[in-house]
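The next block holds one structure in the form of structure tokens; read it before the comments.
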Amino acid sequence: MNKTPMVEADRVSKNFGSNQVLKGISLTVQRGEVMCLVGPSGSGKSTFLRCINHLERVDAGRLRVDGTLVGYREKGDKLHELHPKEAALQRRDIGMVFQRFNLFPHMTALENVVEAPMRVKKNQKAAAITRARELLASVGLADKADSYPAHLSGGQQQRVAIARALAMDPKLMLFDEPTSALDPELVGDVLDVMKKLALDGMTMIVVTHEMGFAREVADSLVFMDGGVVVESGVPRELLANPQHERTKAFLSKVL
């Protein structure tokens, strides 16, 4: 059995100009683990997520996915950034679901899901379509395959986005506040799909404000503020009995 952590962050720092957004983040996500990142806006959660698949470059520290350095090659103690094509190859194995669905508006749900497997992985069209229909069915949208995004609710679009990410058979799924743009009554459908993924053993890192989801589904909960990990632990314990004053203040507003 492979004991290599799925994600290993070692003192990861990120600056935007003079603003240090991540200040030495260190954390580990094991295979099959669901980690939820919570914290106020601007605490660095989404930036950290984007560093994991090299949508943002790190300025210091090391980030590894499945034992492989992300976005860089190490020679001696120096890091050399990978060519964009090499970085894109790494990214194929990491699914990402954004706050704002990011579907192609001119493509049907089915076409959105088959696009990357056919174009990037060169999968045969018939096989890609069969797999896409299975994935749409698994997120409860078998009957929406021929619908365009404009004719789908926000929750349906987000479930198509999840199916699209899964179509690449990722070993890791990143979710950046996947329900925060949705009407409240549509949130449950998306969370149900994510719960099912967790039960199937998918390794997931989820930036979220859904504390019920974190309590019920996550294996670990990390509270970030001001670019640092303030506190982390088992979700039920941390939510019930936070140790840090900053965590207590935050949770008193959201629970």
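Remember, it's a predicted structure, so these values are computed and weren't measured experimentally.
- Applying the salt bridge (charged side-chain N to carboxylate O under 4.0 Å, His left out) test to residues at least two apart or on different chains, the pairs with a partner in residues 244-255 are D225-R246, E245-K248.
- Scored by the salt bridge (charged side-chain N to carboxylate O under 4.0 Å, His left out) test, E237 finds no partners at all (sequence neighbours excluded).
- Applying the salt bridge (charged side-chain N to carboxylate O under 4.0 Å, His left out) rule to R11 yields no partners; only residues at least two apart in sequence or on another chain are considered.
- T203 and E33 share no donor-acceptor pair across their side chains, judged by distance under 3.5 Å alone.
- A donor atom on one side chain and an acceptor atom on the other are found under 3.5 Å apart for T179 and E210.
- Judged as a salt bridge (charged side-chain N to carboxylate O under 4.0 Å, His left out), and not counting sequence neighbours, the contacts of D93 are K171.
- Side-chain contact annotation: H54 with E81, donor-acceptor N/O pair under 3.5 Å present.
- Cluster partners of V254, using a side-chain heavy-atom cutoff of under 4.5 Å among ILVMFWY residues and allowing indirect links, are V38, M211, L221, F223, V228, V230, L238, L239, F250, L251, L255.
- Using a 4.5 Å cut-off between side-chain heavy atoms of Ile, Leu, Val, Met, Phe, Trp and Tyr, V21 falls into a hydrophobic cluster with F16.
- Taking a 4.5 Å side-chain heavy-atom cut-off between Ile, Leu, Val, Met, Phe, Trp and Tyr, the cluster of M107 extends to F104.
- Applying the side-chain hydrogen bond (donor to acceptor under 3.5 Å, both in side chains) test to pairs two or more places apart or on separate chains, those with a residue in residues 124-135 are R131-D169.
- For residues 108-124, the salt bridge (charged side-chain N to carboxylate O under 4.0 Å, His left out) pairs, not counting sequence neighbours, are E115-R119.
- Looking only at distances, a side-chain donor or acceptor of K45 sits under 3.5 Å from a matching main-chain atom of P40.
- Its side chain within the 4.5 Å cluster rule, M168 clusters with V120 among the Ile, Leu, Val, Met, Phe, Trp and Tyr residues.
- Under the side-chain contact (heavy atoms from CB on, under 4.5 Å) criterion, L89 pairs with R92, not counting sequence neighbours.
- With sequence neighbours excluded, no residue forms a salt bridge (charged side-chain N to carboxylate O under 4.0 Å, His left out) with R100.
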